[in-house]
Amino acid sequence: MPHEITWELSRADARTFTGTAYTRQIGAADEQVPMKLYYVRFEPRARTFWHAHSGAQILVVCAGRCLYQREGEPVAELAAGESVRFEGGVRHWHGAGPDEAMEHIAVNLDPRETAWLDEVDEDEYGAA
């Protein structure tokens, strides 16, 4: 059974997300291994724009199914309890499938910068 989230979420930025998504930074560390920890909820069809991080990003799916794609690779899918790692500098996107909301925790290591790029168009998203 999914855990009920009790903290307040903010609407994700429409300049970097397609559709309806909510996010909240839930942790951070600046010493030894700099990192930021985010909870993100994607409504059906919601997704990030293409982007790349300065350090690695690890996604851990909490509920639903996560679609994701690295540049040059086919769209892939993760179920609740599964995870994926994107190395720093790797262009990618991630979001919910067409029929179901999705929730994940994002662990951003060495989170100095995220380069937000172009929107994932319907043809790219539909390739899933």
Side-chain angles (χ1 to χ4, degrees):
M1 175 170 296
H3 173 54
E4 187 66 31
I5 300 301
T6 57
W7 58 70
E8 188 174 325
L9 301 174
S10 299
R11 181 82 183 252
D13 191 338
R15 293 171 296 176
T16 55
F17 284 74
T18 299
T20 303
Y22 303 91
T23 186
R24 179 182 174 109
Q25 183 176 323
I26 58 174
D30 294 324
E31 299 175 15
Q32 295 178 342
V33 180
M35 58 83 79
K36 289 186 180 176
L37 190 65
Y38 295 91
Y39 165 84
V40 187
R41 176 180 170 82
F42 296 83
E43 296 301 325
R45 301 192 65 77
R47 56 203 179 265
T48 67
F49 281 26
W50 284 99
H51 61 284
H53 303 281
S54 52
Q57 180 183 56
I58 302 165
L59 303 180
V60 181
V61 181
C62 304
R65 301 191 76 71
C66 176
L67 301 180
Y68 71 93
Q69 184 176 23
R70 289 180 182 92
E71 184 175 43
E73 295 182 9
V75 176
E77 187 174 310
L78 297 169
E82 296 181 321
S83 62
V84 64
R85 179 182 174 118
F86 303 102
E87 296 303 325
V90 173
R91 280 177 46 115
H92 65 282
W93 66 266
H94 40 96
D99 303 318
E100 173 181 35
M102 184 271 292
E103 301 171 19
H104 71 45
I105 301 291
V107 181
N108 292 3
L109 303 173
D110 187 22
R112 290 171 288 141
E113 182 179 336
T114 298
W116 289 102
L117 306 163
D118 45 324
E119 187 171 10
V120 176
D121 66 37
E122 288 299 316
D123 289 337
E124 290 170 314
Y125 179 80

Taking atom types as modelled, is there a side-chain donor on Glu124 or Trp50 under 3.5 Å from an acceptor on the other? yes
For residues His104 and Phe42, establish whether the separation of their ring centroids is below 6.0 Å. yes
Taking side chain as C-beta onward, heavy atoms only, is [X] less than 4.5 Å from [Y]?
X: Asp13; Y: Trp116; value: no
X: Gln25; Y: Lys36; value: yes
X: Met102; Y: His94; value: no
X: Leu37; Y: Ile105; value: yes

Given the ring of Phe49, does Arg15 sit roughly above its face, with NZ or CZ under 6.0 Å from the centre of the six-membered ring and within 45° of the axis? no
Are Ile58 and Met35 in one and the same hydrophobic cluster, where Ile, Leu, Val, Met, Phe, Trp and Tyr link if side-chain heavy atoms are under 4.5 Å apart? yes
Could you label the plane-to-plane angle of the Tyr68 and Phe86 rings as parallel, tilted or perpendicular, counting under 30° as parallel and over 60° as perpendicular? perpendicular
Partner set under side chain to side chain donor-acceptor pair (under 3.5 Å) for Thr114, not counting sequence neighbours: His53
Ion pair check, Glu73 and Arg91, cut-off under 4.0 Å: no
Where the side chain of Ser54 meets the backbone of Pro111, is there a donor-acceptor pair that is under 3.5 Å apart? no
Arg45 side-chain N/O to Glu43 backbone N/O, donor-acceptor pair under 3.5 Å: no
